[in-house]
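Input: a single structure, listed below in structure tokens.
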Amino acid sequence: MVDNKQYSPGVKKYIQEAKKLLAQKEKDLKRIKKLKFDTIAIHGLYTVEEALKQNQGAVIEPLYLSTAQAYRDSDEMEAALAYLIPTWCYTRFANPTTYYLEWVLALLEGYQTGFDTSCLVTASGMSAIMLAVDSFLVKQKQGPEKINFVSSIQIYGGTFQHFTIRKMQERGIEVRWVDHQEDIEEWKTKIDENTRFLFSEAPSNPQQSFCDVKALSDLAHSWEIPFIIDSTCATPALMRPVAYGADIVIHSLTKSITASGLAMGGALISRKPIITKVKNDNPLFKESFAEYVKFFPFRDNGPAASPVNALFALNDLRTLRSKMDLVSQNSEKVAEFLSRHPCLYQVDYLSLESFPLHSLAKKYMKLVDSDDGKGKEINRYGHLLSFRVDGPPQNARKVFDNFKLILRAGDLGRIKSIATIPAISTHLQQGEEARTKADVPPQMIRLCVGAENPDDIIADLDQALSSL
Ligand SMILES: *Cc1c(COP(=O)(O)O)cnc(C)c1O
């Protein structure tokens with residue numbers, strides 16, 4: 001927002017009017033930030049005044065399907081298209097329904113972190129990842145020929161493909177893999193002055209590997225580079241990486257955030273400001289990275305979310321905290337059952353004390369606004385778990401094929417229990433060697449536990465396992 005002398009009195013009039021609106025929004029924001037997590041999730045920025053004044057009293061945020069916004073006159077149009085006033089303009093740039101979702105996510109991810117945050121909602125998790133990383137991979141004046149970034153190898157299969165094919169093979173950008181992301185020393189050996197950012201996913205899908213979010217943020221910042229984390233499996237109800245110094249948080253909204261499974265979407269949330277040594281003439285780049293991406297690269301690349309999808313996500317998000325609590329408790333029960341089963345040689349779930357990364361995850365995965373009776377938040381670990389069936393891969397397939405209630409799909413984050421064999425689905429394209437490195441054997445079944453009564457899920461697993 002700039003008040004530039006070159007604009008006509010008519011344009012300046014709109015800038016003045018916008019200032020008043022923005023001042024009101026600042027006031028609203030201040031008030032809303034004091035509310036609890038659930039209250040923000042349910043109301044967001046959609047205030048009583050806004051409902052009454054602008055939306056005929058509609059209790060629920062309205063769905064704006066219109067592709068474009070009309071203006072009162074040429075002055076307003078000029079002010080809007082120069083981004084001098086708040087505007088949504090065209091649904092590829094922004095949309096009023098998507099705007100409500102963006103603000104809820106920004107507020108939830110920034111909740112009690114001590115930082116302000118901004119958010120961009122995109123068509124999918126992958127487009128959010130692409131937009132987050134691309135801005136740091138631009139050629140710099142007098143910059144080096146060869147640049148690199150460092151990433152945990154235990155990441156979502158689609159992200160692995162994006163990094164290896166789209167970045168490494170097509171663009172010659174070196175991806176330096178970290179095999180054990182919990183080991184901060186390994187990260188240290190991979191970084192040099194041409195490293196543009198660090199990337200992690202925690203808990204990772206499907207291995208549930210974890211990283212020391214605080215230590216990694218500090219390490220990134222000591223090199224003046226940002227730490228980007230895909231926190232899809234945690235959701236802001238269980239972890240808010242910004243609190244520990246992460247610069248950019250990615251979510252596939254398609255997963256637990258939209259647990260109904262009715263919409264695709266992605267989100268890029270940035271801390272204000274981010275740390276980077278990449279030079280960019282636009283001050284927003286550092287000050288409010290998500291807004292920078294939204295106004296420029298996102299607009300030019302085009303992966304806008306449908307406002308219908310945004311509304312589905314917004315609606316599911318209202319009950320995120322209680323849902324994550326419930327599915328986490330169900331998962332603990334299921335994991336305990338599985339860990340006692342004689343036909344399995346490994347069960348991985350972050351809550352299990354036998355899980356190697358349990359104590360690290362315990363530091364970070366906590367149900368927001370919960371209380372264990374002693375003033376501490378309760379640990380909750382989400383609904384992703386995996387188990388490995390004894391014997392040849394055929395055994396795992398036999399168990400898998402015998403599920404009656406649990407759905408077989410490469411999906412996760414649902415209100416319904418869903419299972420997959422990652423080696424033949426989500427991680428098929430990676431190839432055997434990369435799968436071995438990432439510890440995704442063909443005996444592994446990934447299970448994402450839903451909100452059904454856990455006794456019924458356990459009974460289904462029991463009968464399927466008895467087919468062996
Ligand atoms: C599914 C997923 C993605 C990709 O999201 P889409 O919405 O499918 O594009 C990224 N990261 C993780 C951890 C995921 O599970």
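Read the numbers this way: they start at 1 and go in the same order the structure lists the ligands and their atoms. Everything numeric in this text was worked out from a predicted model, so none of it was measured.
Closest to atom 6 (P) of ligand 1, if we only count protein heavy atoms, is G125 N, 3.3 Å. Here the protein heavy atom with the shortest distance to atom 4 (C) of ligand 1 is Y156 CE2, 3.4 Å. Nearest protein heavy-atom contact of atom 8 (O) of ligand 1 is M264 CE, 3.8 Å. Counting protein heavy atoms only, atom 5 (O) of ligand 1 is closest to S252 OG, 3.0 Å. For atom 7 (O) of ligand 1, the closest heavy atom belonging to the protein is T254 OG1, 2.6 Å. D230 OD2, 3.4 Å is the protein heavy atom nearest to atom 12 (C) of ligand 1. Atom 2 (C) of ligand 1 has as its closest protein heavy atom K255 NZ, 2.4 Å.
Judged by a 6.0 Å distance limit and a 45° cone about the ring axis, K255 is positioned over the six-membered ring of Y156. Within the cation-pi definition used here (under 6.0 Å to the ring centroid, within 45° of the axis), R321 does not qualify as a partner of F37.
Taking any N or O of M126, backbone or side chain, at least one lies under 3.5 Å from an N or O belonging to ligand 1.
Not a single heavy atom of S127 sits less than 4.0 Å from an atom of ligand 1.
Aromatic pair F163/F149: centroids less than 6.0 angstrom apart. Between F285 and F136, the ring centre distance stays below 6.0 Å.
The structure places CG of N301 at 6.0 Å from CG of L131, a figure rounded to the nearest 0.5 Å. Taking CG from L108 and OG1 from T117, the interatomic distance works out to 9.0 Å, rounded to the nearest 0.5 Å.
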